2 protein chains.
Amino acid sequence: MSIHTNLIRSFGYLIHLDEAEKEFISSLFVSKQYQKNDHFLREGQVCREAGFIEKGLIRYYNIKDSGEEVTLDFGKENDWTCNYESFLDHSPSLRNIECLEPTEILTLSYENLQRIYNEVKEGQKFGRLICEFLYLQAIKKLNSLYTDLPEQRYLHFVNDYPDLQQRVPQYYISSFVGVKPPSLSRIRKRLSL
Amino acid sequence: MSIHTNLIRSFGYLIHLDEAEKEFISSLFVSKQYQKNDHFLREGQVCREAGFIEKGLIRYYNIKDSGEEVTLDFGKENDWTCNYESFLDHSPSLRNIECLEPTEILTLSYENLQRIYNEVKEGQKFGRLICEFLYLQAIKKLNSLYTDLPEQRYLHFVNDYPDLQQRVPQYYISSFVGVKPPSLSRIRKRLSL
DNA sequence: GGCGTTCGTTCACCCAGGTTAATAAAAAGC
DNA sequence: GCTTTTTATTAACCTGGGTGAACGAACGCC
């Protein structure tokens, strides 16, 4: 039986799995294909599955009352994706998840995640570690928003996602950094001097 | 045997406890007294206990490279307090927790929290719900920073913490809102027209 | 290859918030 | 009560990002 190698490696960073568990987990995932601009999740929908990105690129965004889009984050190969709030309590999502490239996502239903929690030896630990990871990620971002100037956030972006520079249109990057495109141009000009 | 009523009520919002469990949990907490300006936690220390605020007022803050303080949040009677990141993995705290009033905190050591997880029927569930709650709180704050103007964040503060207006110096509020004191003055002036 | 669309940069102007410092008001000490 | 310290407001000036529009480059499409 073949298993999803990258997926299992990602589990392996958090918990130990025996061979049977690797195959079991692998079998719970369903592969889905998305075109550019397809949505993995739309505002208002309930997020019923978590996903592991095999290939491609996604973008998380909100829509403000004014209609303006705010890019919150990006995800790419070997990242997990999900609107965790919506997934946890089955509330309607406030956030959109859109594919920026043709993307392949291994999806795991809420019910199958519960099976992992309950049927894999370190399943509960996995759930806790995921939540803790997401929490730390959110806190890190909060600190950056409070502390860093747009210029520093742009530098962090370049540093954290070196390849995304080329793969993502600049107006998504500017929105992620928290400024408008002309302002990001000014920042880039300043930095290149 | 006497139990800490407010504390147990706070548990009761999340999980069901029988009488023996209530007493058991109550017995794991140690009351500590703090003066105004005492620190519950300082940057660099490892956060070794969670706390339930019986009485008083605390303030969470970071210190930027520039030396400037950034107020991240407040906590008061019946709130929990902890630097969860530091508490979880025993890493040095990046954050300070300071008492703004004489404050009484019921503290729970890391080890005793593990006892609750393991010896109370719904202990594990309690741990997960706490983490999920903190995560949702962080996400909500992130959204506000991305989406709201300072004026809106100030209005949210007034709305979310109606009594803190009177109990907290304005320069902490301005820092929480993400602007400097003169700017908060201008916002307040604008709003009072 | 040529056409249209999309995207990035630049310009001129505007404005909210930062900065510094002065002043006024309120608390805290004695 | 008076003095000292702390805190809040105000004013004048500065600056960085927003806005709207123009221009040019790059990309897609037929």
Side-chain angles (χ1 to χ4, degrees), chain A residues 35-38 57 59 61-71 74 98-102 144-158 161 163-193, chain B residues 35-38 57 59 61-71 74 98-102 144-158 161 163-193:
Chain A
Q35 300 302 312
K36 182 174 175 176
N37 299 325
D38 282 354
L57 182 60
R59 163 186 169 249
Y61 69 97
N62 277 354
I63 301 176
K64 291 205 220 184
D65 296 342
S66 64
E68 186 192 348
E69 289 185 1
V70 181
T71 296
F74 302 98
E98 175 196 21
C99 300
L100 298 182
E101 298 176 356
S144 168
L145 282 177
Y146 261 111
T147 306
D148 297 340
L149 297 169
E151 182 168 317
Q152 296 172 290
R153 284 202 296 277
Y154 176 64
L155 289 170
H156 284 148
F157 168 79
V158 173
Y161 306 92
D163 52 322
L164 259 53
Q165 274 269 59
Q166 322 305 329
R167 290 166 73 181
V168 175
Q170 196 133 306
Y171 51 86
Y172 290 151
I173 299 177
S174 75
S175 164
F176 176 78
V177 168
V179 297
K180 303 284 165 169
S183 193
L184 182 58
S185 273
R186 288 188 276 235
I187 288 171
R188 285 159 55 83
K189 192 174 185 181
R190 243 184 273 145
L191 291 172
S192 68
L193 293 181
Chain B
Q35 299 303 313
K36 182 173 175 176
N37 299 324
D38 282 354
L57 183 61
R59 164 187 168 247
Y61 69 97
N62 278 353
I63 302 176
K64 291 205 223 185
D65 297 341
S66 63
E68 186 191 349
E69 288 186 2
V70 181
T71 296
F74 303 99
E98 175 196 21
C99 299
L100 299 182
E101 296 176 357
S144 168
L145 281 177
Y146 260 111
T147 305
D148 297 340
L149 296 170
E151 183 168 318
Q152 295 172 291
R153 284 201 296 277
Y154 176 65
L155 289 170
H156 284 148
F157 168 79
V158 173
Y161 307 91
D163 52 324
L164 260 53
Q165 275 268 60
Q166 322 305 327
R167 292 167 71 181
V168 174
Q170 197 133 304
Y171 50 87
Y172 290 151
I173 299 177
S174 77
S175 164
F176 175 78
V177 168
V179 297
K180 305 282 164 170
S183 192
L184 182 58
S185 271
R186 288 188 275 236
I187 289 170
R188 285 160 55 84
K189 193 173 186 184
R190 242 185 273 147
L191 290 172
S192 68
L193 294 181

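Small disclaimer: the values here were computed from a predicted structure and weren't measured. Chain A is the first sequence line, chain B the second, and so forth, proteins listed ahead of strands; every chain is numbered from 1.
- With a cutoff of under 4.0 Å to any heavy atom of chain B, the contacted region of DNA chain D is bounded 5' to 3' by D:dT7 to D:dA12.
- Side-chain atoms of A:T147 never come within 3.5 Å of backbone atoms of A:S144 as a donor-acceptor pair (strictly under, hydrogens ignored).
- In this model, the phosphate group of C:dT9 is approached by a side-chain N or O of A:Q170 to a distance below 4.0 Å at OP1 or OP2.
- In this structure, B:T71 contributes its side chain and B:S175 its backbone to no donor-acceptor pair below 3.5 Å.
- No donor-acceptor pair under 3.5 Å is formed between the side chain of B:Y61 and the backbone N or O of B:F176.
- Of the possible donor and acceptor atoms, one in the side chain of A:Q152 sits under 3.5 Å from a partner among the backbone N and O of A:L149.
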Item to check | Contact letters for nucleotides 11-26 of chain C, in which S counts primed atoms plus P, OP1 and OP2 and B counts the base, heavy atoms under 4.0 Å | outcome: -B----BBBB------

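- Using modelled atom types and a 3.5 Å distance limit, the side chains of A:R188 and A:Y154 yield a donor-acceptor pair.
- No donor-acceptor pair under 3.5 Å is formed between the side chain of B:R59 and the backbone N or O of B:E98.
- B:E151 and B:L191 get closest at one heavy-atom pair: OE2-CD2, 3.5 Å.
- Interatomic distance, OG of A:S174 versus CZ of A:R186, reported as 11.5 Å (0.5 Å rounding).
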